[in-house]
2 protein chains.
Amino acid sequence: MGQPTIKDVAKLAGVSISTVSRVMNNSKPVSPEARRKVVDAINKLDFKPNELARSLVMRKSNLVGVIVKDIGIEYMAQLIRGIEEIGRVYKYDIILSSSYGEDKQLENSIDFLATKQVEGLVIITEDISTEVLVKLRETKIPFVLLDKYHSYKNIKTVKIDFESEENRLVQSLTQQGHKKILFVADKEQNVINDSMVKGYESAVGADNSYILRIDGITSDDGYRMADQAIELIRKESITAVACVNDEIAIGFMNYCVDNGIKVPDDLSVVGFGDSKIASVYRPKLTTVSIPYYDIGAISIRALIKRIKQEGEILVDDWVIDAQIHQRESSKVIN
Amino acid sequence: MGQPTIKDVAKLAGVSISTVSRVMNNSKPVSPEARRKVVDAINKLDFKPNELARSLVMRKSNLVGVIVKDIGIEYMAQLIRGIEEIGRVYKYDIILSSSYGEDKQLENSIDFLATKQVEGLVIITEDISTEVLVKLRETKIPFVLLDKYHSYKNIKTVKIDFESEENRLVQSLTQQGHKKILFVADKEQNVINDSMVKGYESAVGADNSYILRIDGITSDDGYRMADQAIELIRKESITAVACVNDEIAIGFMNYCVDNGIKVPDDLSVVGFGDSKIASVYRPKLTTVSIPYYDIGAISIRALIKRIKQEGEILVDDWVIDAQIHQRESSKVIN
DNA sequence: CTGAAAGCGCTAACAG
DNA sequence: CTGTTAGCGCTTTCAG
């Protein structure tokens with residue numbers, strides 16, 4: 001036979017299985033005498049309760065499903081960290097699944113996790129289709145959606161205020177004496193992009209805005225668009241460039257290195273997001289750090305609260321503060 | 001009532017629950033007639049079997065536990081990716097747990113996962129104590145240990161041959177004309193370190209070896225030790241430096257930037273590991289990439305094979321090839 | 001081919 | 001305080 005069960009413990013302790021159950025869960029008073037015998041038996045057998053059986057009868061799995069687009073994406077890993085660590089505090093385990101950005105796979109994951117009786121779902125993606133969303137709602141499983149780019153009516157989430165954070169960042173540039181600042185945005189239309197553009201514009205003034213919308217958001221994309229940016233910068237005597245994310249900023253700075261442009265002496269550059277590389281790259285990149293760990297932690301807490309019926313899940317968007325890291329890539333203008 | 005159960009399906013289809021079970025699992029012949037009715041009922045109710053109940057009766061959870069030291073560590077995320085993706089192919093789900101390098105937490109995770117009836121365990125850590133190892137063995141749960149630094153008698157693992165990979169890397173340097181090459185190693189004694197030193201030495205010759213053992217393995221540590229290294233490099237007319245990992249190499253190159261030393265013109269630098277930053281940093285770092293995804297994939301495959309009793313788990317260490325990426329930070333000597 | 005019945009390991013009334 | 005009993009939702013003999 002395999003693992004010892006509650007029956008084995010009961011037999012060894014000379015009591016009924018109910019008694020064993022009671023001491024395990026402290027659910028009802030048990031005589032010290034019986035308790036001792038049971039505890040002894042448990043230790044002797046190295047008995048561990050079968051959570052599966054317990055979950056079945058209690059209709060409670062203590063499992064939450066986390067579906068990520070790709071665990072290899074740096075910020076998703078940070079998010080999971082927060083979710084896992086806080087989930088554990090509430091005795092919830094994480095079951096992990098990846099969607100690789102495919103709707104079909106996402107749906108599969110949701111179904112699959114549903115059969116495993118997860119009590120809640122955290123979905124971390126960069127976009128999700130409305131069809132999947134509908135399906136998700138149908139499952140009746142409480143969920144929180146950490147979606148980077150879109151926001152939906154009636155779905156509240158945990159996030160930072162991209163508009164005001166970008167605004168503060170750009171303002172820090174103007175306070176350093178920069179009059180003309182280029183903003184490199186993502187060509188794709190999405191809420192984050194739009195918010196950041198707004199934040200940028202209200203910092204520099206609408207009549208003093210220089211925006212370059214580029215295709216893609218990787219460092220390669222940043223490198224590729226750089227000649228275009230540099231041309232504009234020369235023509236307009238721009239002294240600082242703010243990029244929609246760190247990767248683009250790094251790609252852009254790489255281009256500068258390759259073309260003899262000195263950052264920050266010739267040009268200040270700032271990013272957004274505080275990816276790991278931002279503080280290792282030279283010059284260290286000025287950027288704003290998004291507290292992903294906290295976002296994950298708050299999400300799972302809200303989710304668990306909802307699971308325990310202690311309240312609705314995120315009645316409003318939960319906005320947390322980000323932090324500007326003034327580093328080497330930007331400085332007071334010469 | 002909540003989710004529909006097999007009973008509801010049976011009632012709606014007008015058959016017994018056994019019949020429903022049989023069509024779900026194709027476990028026994030069912031008349032086309034009955035099958036149709038059952039399928040209809042399943043669709044109508046949007047019935048999804050409760051895997052918990054199924055697991056309980058079949059004594060098979062289709063769950064494997066993955067314990068990582070910290071999911072924020074880049075290569076661990078890559079490893080998990082491989083595990084998750086291949087696990088899914090075999091219908092295994094991942095339940096994730098972090099140890100944060102603490103033995104106590106690791107033990108807890110093992111226990112916890114055991115109660116969840118995981119069928120196997122993948123432990124990704126950078127070191128593990130023998131006590132925990134003993135405990136792990138006692139659980140009788142099949143496991144694979146992806147331990148970066150240590151190797152244990154009787155525990156086989158999936159890895160690359162650090163010695164011969166480092167050897168090839170250093171040889172590529174000598175082939176580029178470098179006569180004197182410095183190797184920056186980790187002060188701490190561990191198998192990887194030792195292997196790499198061996199690989200380095202057999203490439204340069206024991207009488208021509210320059211080794212600097214430093215404290216720590218982060219880019220900051222690399223930066224900190226750099227003055228010491230530079231001193232040695234000047235004194236001995238060394239033309240290339242090989243670092244035990246990418247982070248140290250980057251830190252070292254940062255120091256070079258800050259001190260007017262041109263890489264690769266004045267000095268060639270190579271790393272090891274191919275972290276993401278290696279290909280984004282300027283100059284792009286020459287390094288060897290460790291196929292973490294594959295390591296994860298092979299591990300889970302071996303584990304599942306073992307679970308299915310189709311063989312012993314890793315009769316021998318499974319060694320896979322790494323690949324040298326010749327990039328910008330090293331070049332033919334002037 | 002199909003249904004009744006016995007359990008997987010555990011919890012939770014219900015009587016003592 | 002404690003044991004007996006009836007399930008949780010499902011699979012699997014065992015008789016038809």
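This structure is a prediction, so every number in the text was calculated from the model and none was measured. The basis for the numbers below is simple: all heavy atoms, side chains too, and nothing from hydrogens, waters or symmetry mates. Throughout, protein chains are lettered first and strands after them, A, B, ... in sequence-line order, and every chain is numbered starting at 1.
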Quiz prompt | Non-hydrogen atoms of Asp70(B) and Met76(B) that approach each other most closely | solution = O-SD, 3.5 Å
Self-check item: Side-chain N or O of Ser21(A) closer than 4.0 Å to phosphate OP1/OP2 of dT11(C)
Solution: yes
Self-check item: Contact under 4.0 Å: Arg59(A) side-chain N or O vs dG9(D) OP1/OP2
Solution: yes
Quiz item: Reckon Asn50(A) has a side-chain N or O less than 4.0 Å from the OP1 or OP2 of dC8(C)?
Solution: no
Practice problem: Give the rounded distance in Å between these two atoms: CE of Met58(A) and P of dA12(C). | Solution: 5 Å
Quiz prompt | side-chain N/O Arg54(B) vs dT11(D) OP1/OP2, d < 4.0 Å | solution = yes
Quiz item: What does Val15(B) touch in the nucleic acid at a heavy-atom separation under 4.0 angstrom: a base, only the sugar-phosphate, or nothing?
Solution: sugar-phosphate
Quiz item: Checking all strands, does Leu52(A) fall into the base, sugar-phosphate, or nothing category for heavy-atom contacts under 4.0 angstrom?
Solution: nothing
Quiz prompt | Polar side-chain atom of Ser31(A) near backbone of Ala34(A) as donor-acceptor pair, under 3.5 Å | solution = yes
Self-check item: NZ/NE/NH1/NH2 to OD/OE distance under 4.0 Å, Arg81(B) and Glu84(B)
Solution: no
Practice problem: Could you give me the CA-CA distance, side-chain angles and deciding distance for Leu113(A) and Ile141(A), then say whether side chain to side chain contact (heavy atoms under 4.5 Å, CB included) is met? | Solution: CA-CA 10 Å; Leu113(A) 292 175; Ile141(A) 301 175; over 6 Å; no
Practice problem: Take the protein atom CD of Glu33(B) and the nucleotide atom P of dC1(C), then report the distance between them rounded to whole Å. | Solution: 13 Å
Exercise. Grab the NZ-C1' distance between Lys11(A) and dG3(D) for me, whole Å please.
Key: 16 Å
Exercise. Measure from the side-chain heavy atoms of Ser18(B) and tell me the nearest of dT2(D), dG9(D), dT12(D).
Key: dT12(D)
Self-check item: Exam field: side chain Thr115(A) to backbone Lys48(B), donor-acceptor pair closer than 3.5 Å
Solution: no
Quiz item: Does Thr5(A) put a side-chain nitrogen or oxygen below 4.0 Å from OP1 or OP2 of dG9(C)?
Solution: no
Quiz prompt | Non-hydrogen atoms of Ile160(A) and Pro291(A) that approach each other most closely | solution = CG2-CD, 3.9 Å
Quiz prompt | Presence of salt bridge, Asp161(A) and Lys159(A), under 4.0 angstrom | solution = no
Self-check item: side-chain N/O Ser31(B) vs dT2(C) OP1/OP2, d < 4.0 Å
Solution: yes
Quiz item: Salt-bridged, Arg36(B) to Asp40(B), with N to O below 4.0 Å?
Solution: yes
Quiz item: For Gln3(B) and dC8(D), what is the distance between atoms CD and C1' respectively, to the nearest whole Å?
Solution: 14 Å
Quiz prompt | Length of the CG-C1' vector between Asn26(A) and dT11(C), whole Å | solution = 15 Å
Quiz prompt | Nucleotide nearest Val57(A) (side chain, heavy atoms from C-beta), chosen from dT2(D), dG7(D), dT5(D) | solution = dG7(D)
Exercise. Pull out every residue in residues 110-120 of chain A that has a heavy atom closer than 4.0 Å to any atom of DNA chain D, ordered by number, or say none.
Key: none
Quiz item: Whole-Å distance between dG9(C) P and Lys60(A) NZ?
Solution: 23 Å
Quiz item: Looking at dC10(D), dC10(C), dC8(C), which one has an atom nearest to any side-chain atom of Ile6(A)?
Solution: dC10(C)
Quiz item: Rounding to a whole Å, what distance do you find between Ile17(B):CD1 and dG7(C):P?
Solution: 15 Å
Quiz prompt | First of Arg35(B) and Ala53(B) reached from the 5' end of DNA chain C, by closest nucleotide | solution = Arg35(B)
Quiz prompt | Among dG3(C), dT4(D), dG9(D), the nucleotide that comes nearest once only the side chain of Arg22(B) is considered | solution = dG3(C)
Practice problem: Let me know the distance between CG of Leu56(B) and P of dC10(C), rounded to the nearest Å. | Solution: 9 Å
Exercise. Could you check whether Thr19(B) gets within reach of a base, just the sugar-phosphate, or nothing at all, counting any heavy atom under 4.0 Å?
Key: sugar-phosphate
Self-check item: Residue mapping more 5' on DNA chain C - nearest nucleotide basis, Lys7(A) or Val30(B)
Solution: Val30(B)
